[in-house]
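Let me begin by presenting the structure, written as structure tokens, before commenting on it.
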Number of protein chains: 2
Amino acid sequence: MSTGSGTLSEVAATARVSEMTVSRVLRGKTNVSQKTRARVLEAVQSLGYVPNRMAAALASAKSMQLAVIIPSLRNIVFPELLAGITDTLEGAGYQAVIGVSEYSLKREAKLVAAMISWRPAGIIITNAYHHPDVVNLLTASPAPIVEVMELTRNPIDMCVGLNHRKAGAATATRLLKKGYRRFAYLGCDLEADKAAGKRFKGFLETITQGGGELVAKSTVDEPSSVALGRRHFADLLAQSPRIEAVYLSNDAVASGALMYCLAEGIPVPEKIAIASFSGLEIGQAMPLPLTTVRSPRYKMGCLSAQRVLDRLNGKKPPRVTDAGFELIEGATT
Amino acid sequence: MSTGSGTLSEVAATARVSEMTVSRVLRGKTNVSQKTRARVLEAVQSLGYVPNRMAAALASAKSMQLAVIIPSLRNIVFPELLAGITDTLEGAGYQAVIGVSEYSLKREAKLVAAMISWRPAGIIITNAYHHPDVVNLLTASPAPIVEVMELTRNPIDMCVGLNHRKAGAATATRLLKKGYRRFAYLGCDLEADKAAGKRFKGFLETITQGGGELVAKSTVDEPSSVALGRRHFADLLAQSPRIEAVYLSNDAVASGALMYCLAEGIPVPEKIAIASFSGLEIGQAMPLPLTTVRSPRYKMGCLSAQRVLDRLNGKKPPRVTDAGFELIEGATT
DNA sequence: ATGAAAGCGCTAACAA
DNA sequence: TTGTTAGCGCTTTCAT
């Protein structure tokens, strides 16, 4: 391992002080004289010494790493979540170690075990539904844990998210108010994306109660993408020619659907209205901005990291944090 | 830190063997009897023991973490690169620790120091131009290092990438062959995105030599995005009404430009042709697929991780790896 | 096949 | 203000 960057004792020898003094200087303790501090710093410089945090973490039982587990890197919402996390951690000197489960509960379980073996200071994990082993490991872990994205009343430790059922309901209310009554749904990742399921549930409840009707439904068990939305939108329309509005599981698929309409010259929203969920940049940059619900990914990242940091600093943050959402009135409805 | 997951010695006590025997079992050494092994495994199970890799890394001077430094998470090419890295590392039992520099050389320097303090087994860092401190730290580090994305003849250690100048030249050649002569360029991130600069250089050289002409150029020193492309494309067109084809720094901006044309009813490619670089999914899902050059992000991720692993396994991988690129004939030229 | 001793590089706790 | 002692949890090396 030797870094080319020596050890504390080499620095100590060079500065002719004890290791403890070097340790104190490096950790910014104040009880070191100016002279000594200068001498130590000089030695550090001249040796190009970089402290070994593994050793520090082992000795102090305090790691500066946070484990973050997400389902995918290819869906831009997760990198955005990560950005919030890393931005928040950076100021506090912590680092994120990320693991990608690829939407597999088994891989998630392996990852959690691997992460815990590094004794992270905290754990941030997406979604609220996990493998039993994961629940056991996390429950046993002394590290603060945040489940992020969905809101649960019974988090393992803490949770930060939004109410997806309400987000679906809000969209439905909006569409009903606009006069739409005959709806279709196009979803993907059904197995893995429980949150999308909750949105659809809220949507369906609301349109049903409001006198609307679900006249077509198409679900695809593949990761969502623009291309997938574009491909499957046509099939959906074919199912029932009298669809007035389509609710899609997220902006990626919805953007694909809209591109299909643009390419085929189908007038939106006159012939067919489109609404979805995410609030991605791309959806708002389309010739017609999407009607959608913005989920606060970056903010949820910041909040979840902050909850962990708060706990590490001895505070008592709330178990459940509702990050909210925002309905965006686009031109597709 | 105590994990709720005990220590080796607790397991050893439970199984009534020495710590060494437990260590051997856990690391899959073969010189342990079946009986003993079974007893140890049982103890591990019953205690819910998860080994402490920090201690292992310290004792063996072998970390299982790789540092990965990227400029941003919001540009999908970097998550795709990461996906290749994590997929490749996973099988070998290594983990990626990511750092995000936000396109700042200073932040990159801080990050590299922070990373090295964890004594990673290897380092993967994007781009080929770094802060002098970074070069010093990396040069001094005993860990295998890969600079990824761009091709350099003089990597600090190894590099994996593509020749951006040639990618620009290939695009130019194609456009010249199609008969375009009056070109414009729209770029962003000029300071930070050296690779885009190289592509433009190759593009400009080639059109000039081929009888073409650069009649307009617009550069924006902001991170690229679809929205930005859409906003700035109009300005560019206004600069010179006789532009025949526009080369954009990447597919995000180009998609924005194309959306502008779709929204304004400007016929592409008849009135104006569009070409760029990346090969993003979104560009190919547009009503008109973009003419672009696909950079092999995922593959470069795999390759760079593999180079590091090879070195860790005592092999002598090549210093320079050309991952190549692929010209995509879209409908926008 | 198994164990004992020593130590990785650092920090906590206690002394001086 | 500075130093000493002990040990974090594991692996290496050398015995047996």
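Sequence lines set the chain letters: A, B, ... in the order given, protein chains first and strands last, and positions in each chain run from 1. Heavy-atom basis, side chains included; hydrogens, waters and symmetry copies ignored.
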Please check if the side chain of Arg39(A) supplies one atom and the backbone of Ala15(A) the other of a donor-acceptor pair under 3.5 Å. yes
Testing dT2(D), dG9(C), dC10(D) for proximity to the side chain of Ala55(B), the answer is dC10(D)
Tell me which nucleotide among dC10(C), dG3(C), dC10(D) gets nearest to the side chain of Tyr49(B). dC10(D)
Which nucleotide in dG3(D), dC10(D), dC10(C) has an atom nearest any side-chain atom of Ser18(A): dG3(D)
Atom CG of Leu26(A) and atom P of dT11(C) are separated, to the nearest Å, by 8 Å
Nucleotide nearest Met20(B) when distance is taken to its side chain, options dG3(C), dT11(C), dC8(C): dG3(C)
Spell out yes or no: do the side chain of Arg24(A) and the base of dG3(D) have one donor N/O and one acceptor N/O closer than 3.5 Å? yes
From the options dA13(C), dG3(C), dT2(D), select the nucleotide whose nearest atom is closest to the side chain of Thr21(A). dT2(D)
Is a side-chain donor or acceptor of His131(B) paired with a backbone partner of Arg107(B) at a separation under 3.5 angstrom? no
Rounded to whole Å, please give me the gap between CE in Met54(A) and P in dG7(D). 22 Å
Rounded interatomic separation in angstrom, taking CG from Asn31(A) and C1' from dG3(D): 12 Å
Check the side chains of His130(B) and Glu108(B) for a donor-acceptor pair under 3.5 angstrom, ignoring hydrogens and angles. yes
Assess whether side chain to side chain donor-acceptor pair (under 3.5 Å) is satisfied between Ser63(B) and Arg119(B), documenting all intermediate values. CA-CA 7 Å; Ser63(B) 169; Arg119(B) 303 296 187 269; over 6 Å; no
Is the distance from OP1 or OP2 of dA12(C) to the nearest side-chain N or O of Arg27(A) less than 4.0 Å? yes
Write down the distance between CZ (Arg37(A)) and P (dT1(D)), rounded to a whole number of angstrom. 10 Å
Does Ser60(B) make a side-chain N or O approach to OP1 or OP2 of dT11(D) shorter than 4.0 Å? no
Atom CZ of Arg39(B) and atom P of dT2(C) are separated, to the nearest Å, by 8 Å
Of Leu58(A) and Arg16(B), whose closest DNA chain C nucleotide lies nearer the 5' terminus? Arg16(B)
Closest-nucleotide ordering on DNA chain C, the 5'-leading residue of Ala56(A) and Thr30(B): Thr30(B)
For Thr36(B) and dT2(C), is the shortest distance between a side-chain N/O and OP1 or OP2 below 4.0 Å? yes
Look only at the side chain of Glu147(A) and the backbone of Ile156(A), and say whether a donor-acceptor pair between them is shorter than 3.5 Å. yes
From CG of Leu47(A) across to C1' of dG9(C) the rounded distance in Å is 15 Å
Gln34(A) atom CD is separated from dT2(D) atom C1', nearest whole Å, by 15 Å
Closest approach to the side chain of Glu19(A), judged atom by atom: which nucleotide of dG9(C), dT11(C), dT2(C) is it? dT11(C)
Please determine whether a side-chain nitrogen or oxygen atom of Ser23(A) lies at a distance below 4.0 Å from atom OP1 or OP2 of dC10(C). no
Hey, which sits more toward the 5' end of DNA chain D by its nearest nucleotide, Leu8(B) or Val17(A)? Val17(A)
Ignoring the backbone of Ser33(B), work out which of dG3(C), dT11(D), dT2(C) is nearest its side chain. dT2(C)
Go through dG9(C), dT2(D), dC10(D) for me and flag the one nearest to the Asn52(A) side chain. dG9(C)
Salt bridge flag under 4.0 Å for residues Glu90(B) and Lys110(A): no
Separation of atom CH2 in Trp118(B) from atom P in dG9(C), rounded to whole Å: 16 Å
